[in-house]
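Presented below is the structure to which this report refers.
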Amino acid sequence: MRKFTAALSFGLLAALALPALGNDVAVLDWRQALLASDAAQRSMQELDNRLAGQQQEAQTLGEELSRLQQRLQQEGQNLPDAERQSLIQEFQQKGSRFEQLRQQLMEEQMRAEQTFLQQAEPKLEQAVEQVISRHGVAVLVEPQGVLHSDRDLPNLTGEVVEILNSL
């Protein structure tokens, strides 16, 4: 009889706790929160300013490569061999420089993102903890992780952005 009473009590407790648990679930898109923060915007602007010269060079090279390719396709058969070879060599050199610049820009962007994430992680954790405490959240999920919900879950992303901006 004691086991039955304990089982019944446990079952009632669990049944009462389930609705409360449903209210304690919220959604947070932490990537969006970080990217929307003022610090991320400043970091991206600084990166753009620092790489502006290389980006401009890459854009100019891309335009020159396009022009050279078009000329080779349209006039290549009619050009003297020496001139055609010269154009091909120029195209290859500029293509090589373009690829080198593109690689450097990608690497610098990845380094900047990694540095930003390392610096922002403690602040993100602090902001998330504040929001979790404020709303009494027991389960926090990413929007992509929600397969089904009978109701709209509170999205705390905007509030996390506000806190990140205040830190």
Side-chain angles (χ1 to χ4, degrees), residues 1-66 94-167:
M1 185 69 169
R2 278 182 122 167
K3 288 182 182 179
F4 177 73
T5 305
L8 182 61
S9 297
F10 181 76
L12 286 173
L13 182 62
L16 292 174
L18 283 178
L21 179 63
N23 292 329
D24 294 342
V25 178
V27 175
L28 171 66
D29 187 338
W30 65 269
R31 289 171 196 86
Q32 179 186 350
L34 277 178
L35 292 176
S37 71
D38 292 341
Q41 298 301 318
R42 281 190 306 273
S43 179
M44 286 188 272
Q45 186 62 44
E46 289 170 8
L47 179 65
D48 284 346
N49 291 342
R50 196 173 20 158
L51 300 178
Q54 288 176 308
Q55 290 172 335
Q56 180 61 42
E57 183 182 354
Q59 182 177 352
T60 301
L61 278 171
E63 291 167 0
E64 289 176 12
L65 285 168
S66 182
K94 288 184 180 193
S96 177
R97 176 64 183 150
F98 178 81
E99 191 58 35
Q100 180 185 26
L101 274 172
R102 191 182 68 76
Q103 186 69 28
Q104 287 174 348
L105 289 169
M106 284 177 35
E107 288 173 4
E108 185 60 32
Q109 183 176 1
M110 286 176 29
R111 269 194 300 275
E113 286 175 5
Q114 186 64 32
T115 300
F116 172 75
L117 287 175
Q118 287 174 344
Q119 293 171 348
E121 185 178 5
K123 290 180 181 179
L124 177 64
E125 288 176 11
Q126 184 180 0
V128 170
E129 287 299 322
Q130 285 182 26
V131 170
I132 286 172
S133 296
R134 183 178 301 146
H135 292 279
V137 174
V139 178
L140 189 61
V141 296
E142 293 185 88
Q144 300 84 357
V146 178
L147 296 177
H148 171 76
S149 177
D150 288 339
R151 62 186 176 87
D152 288 337
L153 299 175
N155 187 338
L156 305 178
T157 304
E159 194 170 337
V160 169
V161 172
E162 289 175 20
I163 294 172
L164 278 172
N165 290 339
S166 71
L167 294 177

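Here the structure is a predicted model, which means the values were calculated and not measured. For the numbers below, each heavy atom of this structure counts, side chains included, while hydrogens, waters and symmetry mates do not.
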### Query
Which atom names give the shortest non-hydrogen contact between Ala33 and Leu164, and what distance separates them?
O-CD1, 3.8 Å

### Task
Starting at CG of Asp29, measure out to CG of Leu34 and round the result to the nearest 0.5 Å.
9.5 Å

### Query
Can you name the closest pair of heavy atoms from Val146 and Val141 and give their distance?
CG2-CG2, 3.4 Å

### Query
Can you name the residues that form a salt bridge (charged side-chain N to carboxylate O under 4.0 Å, His left out) with Arg102, not counting sequence neighbours?
Glu99

### Task
Please name the residue in the list Leu167, Asn165, Val160 that meets the side-chain contact (heavy atoms from CB on, under 4.5 Å) test with Ile163.
Leu167

#### Entry: Results of side-chain hydrogen bond (donor to acceptor under 3.5 Å, both in side chains) for Glu107 - residues two or more places apart only
Gln103

### Summary
Rounding to 0.5 Å, atoms CG (Leu28) and CG (Leu153) come to a distance of 12.5 Å

### Task
Apply side-chain hydrogen bond (donor to acceptor under 3.5 Å, both in side chains) to Glu113 and list each qualifying residue two or more places apart in sequence or on a separate chain.
Gln109

Validation: residues 47-64 side-chain donor-acceptor distances under 3.5 Å, sequence neighbours left out:
from: Asn49; atom 1: OD1; to: Gln45; atom 2: NE2; distance (Å): 3.1
from: Asn49; atom 1: ND2; to: Gln45; atom 2: O; distance (Å): 3.4
from: Arg50; atom 1: NH1; to: Glu108; atom 2: OE2; distance (Å): 3.1
from: Gln54; atom 1: NE2; to: Gln104; atom 2: OE1; distance (Å): 3.2
from: Gln56; atom 1: NE2; to: Thr60; atom 2: OG1; distance (Å): 3.3
from: Glu57; atom 1: OE1; to: Arg97; atom 2: NH2; distance (Å): 3.1
from: Glu57; atom 1: OE2; to: Arg97; atom 2: NE; distance (Å): 3.0
from: Glu57; atom 1: OE2; to: Arg97; atom 2: NH2; distance (Å): 3.2
from: Thr60; atom 1: OG1; to: Gln56; atom 2: O; distance (Å): 3.0
from: Glu64; atom 1: OE1; to: Lys94; atom 2: NZ; distance (Å): 2.5

#### Entry: Partner set under side-chain hydrogen bond (donor to acceptor under 3.5 Å, both in side chains) for Gln144, not counting sequence neighbours
none

### Query
So do Trp30 and Val128 actually touch side chain to side chain, heavy atoms under 4.5 Å?
no

### Task
Return yes if some donor-acceptor pair links the side-chain N/O of Ser43 with the main-chain N/O of Ala39 below 3.5 Å, else return no.
no

#### Entry: Pairwise salt bridge (Lys or Arg N to Asp or Glu O under 4.0 Å) hits with a residue in residues 126-147, at least two apart
Arg31-Glu142, Arg134-Glu159

### Nearest-0.5 Å distance that lies between atom CD in Gln32 and atom OG1 in Thr157
5.5 Å

